[in-house]
Asks: 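The structure under discussion is supplied below as structure tokens; questions concerning it will follow.
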Protein chains: 2
Amino acid sequence: MSHWREMSPRRILQSFALRCTPGRKSILQILLQSEQALTQDQIADRLARRRRPLNKVTIYRSLECFLRAGLVHQAYQQDRIWHYELAHRCGKTQCHPHFSCYECGRTFCLPEVSVPLATGLRAGFVLVRQKVRLEGLCPDCQQQPADVPAESPLS
Amino acid sequence: MSHWREMSPRRILQSFALRCTPGRKSILQILLQSEQALTQDQIADRLARRRRPLNKVTIYRSLECFLRAGLVHQAYQQDRIWHYELAHRCGKTQCHPHFSCYECGRTFCLPEVSVPLATGLRAGFVLVRQKVRLEGLCPDCQQQPADVPAESPLS
DNA sequence: CGTCCAAATGCAACTGAGTTGCATATAATT
DNA sequence: AATTATATGCAACTCAGTTGCATTTGGACG
Ligand SMILES: [Mn+2]
Ligand SMILES: [Mn+2]
Ligand SMILES: [Zn+2]
Ligand SMILES: [Zn+2]
């Protein structure tokens, strides 16, 4: 398999049979250079800083087009906001897990962590993708008293 | 551990040290009787059908209070809408998985499916809860041609 | 019982991520 | 260069969830 980071945005778009516009190339470049999943707003910021501003509707529509093509995933939602990332660090049937910190609210990509696929699915269900979200305390926050969800008084 | 379904809403609220109001008892009863996670809107509908209408703000604030107490979980978000369910069918460190169908969009609770906890977490991360979301085709939809995400042309 | 107050409720107005319709611009094909 | 399906920009919109504030009430205490 070819490594996306060694390919130009243009060639990647071509290989996915997507139209190659300046806006899409810029969005793709920003996703290629990011270690984390990004929101529309974060992408817009970075585009503006590179003097390549794009309308937010265009960003959403480009991401949706990338999504349909399988170039990006909607990695996770936080505070009702979608975070997008390139699909190249995800396995065929499983995205890499994400870890959210109860204390600081940050979310981390954990491409090196793998979780076995679910087993014992009821007959008739066809599993295509498994997405795992981990919650807890990140290295920066585990010292401080945290706002961890309460335990049940009945267990 | 006591079984919530055999307890009255009133006793459950008391054991969680929550104030016992008519609204909270009704919301709790609806969650107890549901096999699936419910949205604010679905809860409001069922309350109205029982002639116990509640303001949506009150429903949201009650759910948030239940959440802080550990009585309910935010099970999953679909189309930016939170789905709430009682925590009593979830393990201490892992919620039961949920399965979403690409074709019909329905989401199913899979309390019988278990996934091993993630291993190989980088040093410093403290895992408190693991949430698993499965995507694919449900028994009703696996016959029809489905809108499954595209494969990468580069792999 | 009645008194009291922190907490719960209802209502109206608000927030903001994401969507839609439509006019205009442009990538890719010929 | 001409053509056309697709991409873009802009303004207006949607709607789940939140906030401020006035009013009500659960539950503790006597
Ligand atoms: Mn990621
Ligand atoms: Mn569930
Ligand atoms: Zn943290
Ligand atoms: Zn289905």
Side-chain angles (χ1 to χ4, degrees), chain A residues 8-30 37-48 51-69 71-84 105 107, chain B residues 8-30 37-48 51-69 71-84 105 107:
Chain A
S8 66
R10 157 144 215 191
R11 274 198 53 221
I12 295 176
L13 289 169
Q14 283 175 340
S15 70
F16 278 82
L18 298 173
R19 283 171 82 140
C20 183
T21 68
R24 290 178 173 193
K25 281 191 284 186
S26 312
I27 295 173
L28 187 45
Q29 195 147 65
I30 280 166
L38 298 175
T39 65
Q40 178 282 135
D41 222 54
Q42 292 173 317
I43 294 169
D45 276 355
R46 289 165 206 221
L47 288 168
R51 312 273 165 89
R52 302 228 58 140
L54 268 186
N55 186 277
K56 75 169 181 174
V57 179
T58 303
I59 298 174
Y60 277 119
R61 291 203 266 229
S62 298
L63 289 169
E64 206 208 300
C65 152
F66 293 176
L67 197 62
R68 277 199 310 270
L71 218 184
V72 305
H73 287 155
Q74 289 178 310
Y76 57 90
Q77 240 175 342
Q78 192 150 34
D79 300 322
R80 309 184 70 229
I81 304 171
W82 275 114
H83 293 245
Y84 297 85
T107 297
Chain B
S8 66
R10 158 143 214 191
R11 276 199 51 220
I12 296 175
L13 288 168
Q14 283 175 340
S15 70
F16 278 82
L18 298 174
R19 283 171 82 141
C20 184
T21 68
R24 288 178 174 194
K25 281 191 285 187
S26 313
I27 294 173
L28 188 44
Q29 196 147 64
I30 281 166
L38 298 175
T39 65
Q40 178 282 136
D41 221 53
Q42 292 173 318
I43 294 170
D45 276 355
R46 291 167 204 222
L47 288 168
R51 312 270 166 93
R52 302 230 58 139
L54 268 186
N55 186 277
K56 76 170 181 173
V57 179
T58 303
I59 298 175
Y60 277 119
R61 291 202 266 229
S62 299
L63 289 169
E64 207 208 299
C65 153
F66 293 176
L67 198 62
R68 278 198 311 269
L71 219 184
V72 306
H73 286 156
Q74 290 178 309
Y76 58 89
Q77 239 174 342
Q78 192 148 32
D79 300 321
R80 308 184 71 231
I81 303 172
W82 275 115
H83 294 246
Y84 297 84
T107 298

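Throughout, a chain's letter reflects where its sequence line sits, starting with A, and its residues are numbered from 1. Note that the structure is predicted; figures quoted are calculated from it, not measured.
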Asks: What is the distance, to the nearest angstrom, from the CD atom on A/Q14 to the C1' atom on C/dT29?
Replies: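 So the CD-C1' distance, A/Q14 to C/dT29, works out to 14 Å.
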
Asks: Do you know the tightest heavy-atom contact between B/L28 and B/P9?
Replies: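 Closest approach of B/L28 to B/P9, heavy atoms only: CD2-O, 3.6 Å.
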
Asks: To the nearest angstrom, how far is B/L63 atom CG from C/dT9 atom C1'?
Replies: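 Result: 14 Å.
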
Asks: Taking all non-hydrogen atoms of both residues, which atom of A/L67 and which atom of A/V72 are closest, and how far apart?
Replies: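 Where A/L67 meets A/V72 most closely, the heavy atoms are CD1-O, 3.5 Å.
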
Asks: Rounded to the nearest angstrom, tell me the gap between atom CD1 in A/I43 and atom C1' in C/dG18.
Replies: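 Interatomic distance, CD1 of A/I43 to C1' of C/dG18: 14 Å.
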
Asks: Figure out the CZ/C1' separation between A/R24 and D/dT6, and round it to whole Å.
Replies: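 Distance, rounded to whole Å: 8 Å.
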
Asks: Where is the tightest heavy-atom contact between B/Y76 and B/A37, given as atom of each residue plus distance?
Replies: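 Heavy atoms only, the tightest pair is CE2-CB, 3.9 Å.
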
Asks: So which atom in B/L18 and which in B/C65 form the shortest heavy-atom distance, rounded to 0.1 Å?
Replies: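 Shortest heavy-atom separation between B/L18 and B/C65 comes out as CD2-SG, 3.6 Å.
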
Asks: Distance check needed: C/dA17 P versus A/Q74 CD, whole Å only.
Replies: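 Between P of C/dA17 and CD of A/Q74: 16 Å.
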
Asks: At under 4.0 Å between heavy atoms, which parts of nucleotides 10-19 of chain D does protein reach? Answer with one letter per nucleotide, 5' to 3': B base, S sugar-phosphate only, - none.
Replies: BB----BBBB

Asks: If you round to the nearest 0.5 Å, how far is CD of A/Q77 from OG1 of A/T39?
Replies: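 One gets 12.0 Å once the value is rounded to the nearest 0.5 Å.
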
Asks: Please name the pair of heavy atoms, one in B/I27 and one in B/F66, separated by the smallest distance, quoted to 0.1 Å.
Replies: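 The pair with the smallest heavy-atom distance is CG2-CE1, 4.0 Å.
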
Asks: Closest-nucleotide mapping onto DNA chain D: is B/R10 or A/P53 further toward the 5' terminus? I mean the 5' end.
Replies: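 First, find each residue's nearest nucleotide; the 5'-ward one identifies A/P53.
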
Asks: With salt bridge (charged side-chain N to carboxylate O under 4.0 Å, His left out) as the rule and sequence neighbours excluded, what pairs involving residues 60-69 of chain B come up?
Replies: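 Output for this query lists B/E64-B/R68.
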
Asks: When the distance from NZ of B/K25 to C1' of C/dA8 is rounded to whole Å, what number comes out?
Replies: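 Roughly 14 Å, once rounded to whole Å.
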
Asks: Does A/I81 offer a backbone N or O that forms a donor-acceptor pair with the side chain of A/D79 under 3.5 Å?
Replies: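 Here the side-chain-to-backbone pair does not exist.
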
Asks: For D/dG9, does OP1 or OP2 lie under 4.0 Å from any side-chain N or O of A/T58?
Replies: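 Indeed, a polar side-chain atom of A/T58 lies that close.
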
Asks: At what distance, to the nearest 0.5 angstrom, does CG of A/L63 lie from CZ of A/R24?
Replies: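 One gets 10.5 Å once the value is rounded to the nearest 0.5 Å.
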
Asks: Using nucleotides 25-27 of chain C, report all nitrogen or oxygen pairs with the protein that are shorter than 3.5 Å.
Replies:
unit_1, atom_1, unit_2, atom_2, d
C/dA27, N3, A/R19, NH2, 2.7

Asks: Nearest whole Å is fine: how far is C/dG10 C1' from B/L47 CG?
Replies: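 It is 15 Å, rounded to the nearest whole Å.
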
